[in-house]
Amino acid sequence: MQNRFIYILFILASVISYGQVNLSLEADKNDYSGKEPVNLTIILELNGSDLVQQTGLQLPDLSKFNIIGSGSVTNTFIDPATNTLITQKISRIALEPKKKGKIKIGSVLVTINNKIYKTEPFDVLIKDVEKKPIASNTLNDVYLNMEIEDRDVYQDQPTIAVLRVYSKNMDNLRKVKNIRLPEQDNINVHPVSFVKSEIDPSGYGNMPSQVLAVFMVFPNEAGYVEVPSVSASVSSFANKNKIVSNKVKLNVRKLPEGSPEGFKNAVGNFNVSVYNASKEKVEIKKPLNVVIKVSGEGNLSDMELPKIAASPDYDVFAPKITSTVSPGTTGIKGEISANYVVIPKKAGAISIKTEQFAFFNPASKEYVDLGQETLALNAFSHEQILESRSTVEKVNEYTNSFLETVDTPVLKTTSLKVKEKSRFHWNILLTNIFILLGLFIAYLLFKTWQKKRTLVKESVEPKSLGSVAETEKEIREKLTTDVNDYFSYLENLKDNRDYQKFFETLDELDLDMRKQYFQTSSEDFTAYLESHKSASIADEYKSLLQRIQLIKYSPVQSSESMDELLKAVVNFYSQISK
């Protein structure tokens with residue numbers, strides 16, 4: 001008897017649930033402050049396969065709000081307990097209130113099976129905006145942290161600083177912009193990278209974090225040096241707020257005593273070379289280019305370069321500095337060249353020397369004295385240069401001097417002129433007109449003959465129209481979509497994080513593929529794939545559509561999920577486009 005009673009209850013439950021419609025409208029909360037967005041969630045649930053939605057969701061009067069965002073997703077599944085088809089449609093709307101006070105939000109209407117369903121209206125309270133709470137709410141939710149692991153360094157030795165942002169809401173991490181690195185007289189700061197890292201969901205205290213920037217700090221004085229805060233701006237919904245990071249103290253050790261005579265402020269590991277960049281022979285009282293090149297890794301961009309030592313044998317002028325540097329593991333690496341203009345004063349052997357140069361190597365904790373670099377040159381007088389020239393060089397120089405100094409006579413030239421004729425020949429004009437008319441008539445006769453020949457050929461050999469299948473195949477070939485262009489465009493959109501355009505392009509790709517197979521809706525296309533391809537292809541298409549909708553309306557789209565989605569799209573549409 002008890003089993004029969006339970007069986008009857010199950011039957012009544014299935015009858016009650018069959019054909020049931022649930023419609024609800026809810027706000028995320030009842031009270032809002034200032035211009036805080038009002039988020040509405042509309043849920044329409046249809047339990048039963050015989051329910052037909054005849055109208056879309058009719059929203060209430062929202063004239064007291066500005067609609068700043070909206071989205072919707074549809075889920076369909078079968079309840080295994082009652083074997084009932086359940087269709088769930090979820091829509092979200094973000095509103096910006098135009099005024100303060102209590103605002104009524106009306107009912108949402110929908111017509112299903114000739115019956116109108118509606119939600120109950122409710123009120124939301126918009127409070128007056130307060131300046132302090134808005135700034136504190138935004139700032140308290142986003143934190144900047146400057147991390148310097150090695151805080152015990154030598155003077156002019158670099159240390160790596162990492163700027164990281166923390167927030168309970170991952171969406172706030174994308175709003176941090178306009179990063180300003182610290183500036184102070186006792187430190188030199190050089191950026192390494194401003195490329196944002198992937199979001200780490202398990203940061204400090206399970207708070208999501210992201211690396212915003214990496215930079216090098218070179219303290220140029222000994223003692224306790226405080227690195228100032230790094231500032232950035234957060235573009236919130238209402239306005240922009242400035243946030244600052246923490247300050248970090250460095251213990252800067254003084255360089256050891258006993259530095260060489262040529263040491264100034266070079267810290268790292270360097271090499272010095274000097275060479276003559278001029279290809280001509282060295283001649284007195286004529287300039288030549290002498291280059292001093294310093295290469296290595298350390299405080300390369302901030303150190304004082306060695307100069308050419310003064311000498312009575314030559315004059316030297318201020319150099320032109322060129323650099324090719326990049327961030328390294330222990331400082332700035334690359335090379336810096338100083339291009340000097342040197343003018344020899346005497347003939348014979350000349351030694352161009354650099355100033356003494358030394359540097360401190362933090363790895364070995366000792367000074368390295370490179371001393372002076374010497375460039376040996378042999379300068380010639382003008383007479384010696386002339387005597388050393390070959391006969392051909394002397395002839396060329398004499399010719400050039402002669403053309404530059406001697407006035408050569410101007411050759412008289414005459415131009416060919418066509419004499420004008422006094423009479424106009426009408427015979428020639430008429431002859432040309434008759435020739436043109438003859439060519440035009442021949443062209444018309446040729447076109448007429450060609451047209452008649454085409455008509456006769458078509459009448460003798462009528463073109464076969466072919467079967468319906470052949471015609472459909474021909475049309476399908478003309479409508480074939482080049483999916484590779486879509487794949488390349490989707491890859492670029494994914495790399496640029498333009499996810500909205502990415503999903504719009506996915507919809508265009510799916511529509512083009514359905515048009516190629518003469519299917520108007522995704523349901524018809526699924527049935528077509530199941531009957532003409534295979535059931536596994538149809539199931540893969542349905543699961544791909546659900547996956548696209550799930551990622552599209554997810555609050556956060558990670559790069560990993562977008563990569564996997566693009567791979568699935570390329571794999572599926574490559575199969576059905578063959």
Side-chain angles (χ1 to χ4, degrees), residues 9-127 169-171 237 503 522-523 542 545-557:
L9 288 179
F10 273 116
I11 293 176
L12 292 175
S14 63
V15 171
I16 293 172
S17 61
Y18 183 75
Q20 186 177 357
V21 178
N22 295 323
L23 179 63
S24 63
L25 172 63
E26 296 180 353
D28 53 350
K29 56 184 180 178
N30 295 326
D31 297 341
Y32 299 88
S33 59
K35 289 191 175 182
E36 188 178 2
V38 178
N39 297 315
L40 300 181
T41 303
I42 305 172
I43 301 176
L44 174 61
E45 187 175 298
L46 306 178
N47 297 330
S49 58
D50 63 335
L51 297 175
V52 179
Q53 183 178 346
Q54 297 170 313
T55 63
L57 294 175
Q58 302 178 18
L59 300 179
D61 181 17
L62 301 177
S63 59
K64 298 179 181 178
F65 300 90
N66 291 325
I67 299 178
I68 59 176
S70 63
S72 62
V73 63
T74 301
N75 299 319
T76 303
F77 57 93
I78 297 177
D79 188 358
T82 60
N83 197 23
T84 304
L85 178 65
I86 299 177
T87 303
Q88 190 180 60
K89 299 181 180 180
I90 303 175
S91 300
R92 287 182 63 87
I93 304 175
L95 305 175
E96 177 188 7
K98 295 181 180 179
K99 66 176 186 177
K100 310 299 183 295
K102 186 180 291 186
I103 302 176
K104 179 180 288 295
I105 297 178
S107 302
V108 176
L109 304 178
V110 65
T111 303
I112 299 175
N113 288 3
N114 298 322
K115 185 177 179 180
I116 299 176
Y117 295 87
K118 69 175 183 177
T119 61
E120 293 296 328
F122 58 90
D123 296 331
V124 293
L125 180 62
I126 310 299
K127 298 180 180 179
N169 186 2
M170 284 189 182
D171 187 54
F237 176 76
F503 287 106
S522 57
E523 292 80 7
K542 290 191 291 185
L545 292 181
Q546 292 178 358
R547 187 175 181 182
I548 291 173
Q549 295 297 322
L550 180 62
I551 298 177
K552 179 179 181 180
Y553 294 101
S554 176
V556 177
Q557 289 97 2

### Message
Measuring only between side-chain heavy atoms, which start at C-beta, is D123 closer than 4.5 Å to N30?
### Response
no

### Task
Answer whether the closest heavy-atom distance between the side chains of V21 and L44 falls below 4.5 Å.
yes

### Summary
Nearest heavy-atom approach of I548 to F503 is O-CE2, 3.8 Å

## Note on the structure
Taken to the nearest 0.5 Å, the spacing of K102 NZ from D31 CG works out to 10.0 Å

### Query
Could you state the interatomic distance from OG1 (T119) to CD (E26), rounded to the nearest 0.5 Å?
10.0 Å

### Query
Is the closest side-chain heavy-atom distance between I126 and V38 below 4.5 Å?
yes

### Summary
One should read off an interatomic distance between L57 CG and T111 OG1, to the nearest 0.5 angstrom, of 10.5 Å

#### Entry: Heavy-atom closest pair, residues Y32 and P37
CE2-O, 3.5 Å

### Query
Taking all atoms of both residues into account, what is the closest heavy-atom pair of A27 and V124, and its distance?
CB-CG1, 4.5 Å

### Task
Any chance you could measure N113, atom CG, to Q53, atom CD, to the nearest 0.5 Å?
10.5 Å

### Task
First locate atom CD1 of I112, then atom CG of L46, and finally report the distance between them rounded to the nearest 0.5 Å.
4.5 Å

### Query
Any side-chain heavy-atom pair from S107 and P60 closer than 4.5 angstrom?
no

### Query
Is T55 close to I116 at the side-chain level, that is, under 4.5 Å between some pair of heavy atoms?
no

### Query
What pair of heavy atoms forms the shortest contact from P97 to L95, and how long is it?
CD-O, 3.8 Å

### Message
For a 4.5 angstrom cut-off between non-hydrogen side-chain atoms, does N22 reach I43?
### Response
no

### Message
Taking NZ in K118 as the centre, count heavy atoms belonging to other residues, nucleotides or ligands within less than 6.0 Å. Is the count above 12?
### Response
no

### Message
What I'd like to find out is whether the side chain of I103 reaches to under 4.5 Å of the side chain of F65, using heavy atoms alone.
### Response
yes

#### Entry: Positive for side-chain contact (heavy atoms from CB on, under 4.5 Å) with T41, one of L25, D28, I90
I90

### Query
Roughly how far, to the nearest 0.5 Å, is CD of E45 from CD of Q20?
7.5 Å

#### Entry: side-chain contact (heavy atoms from CB on, under 4.5 Å) partner of L40, the single match among L59, V108, I105
I105

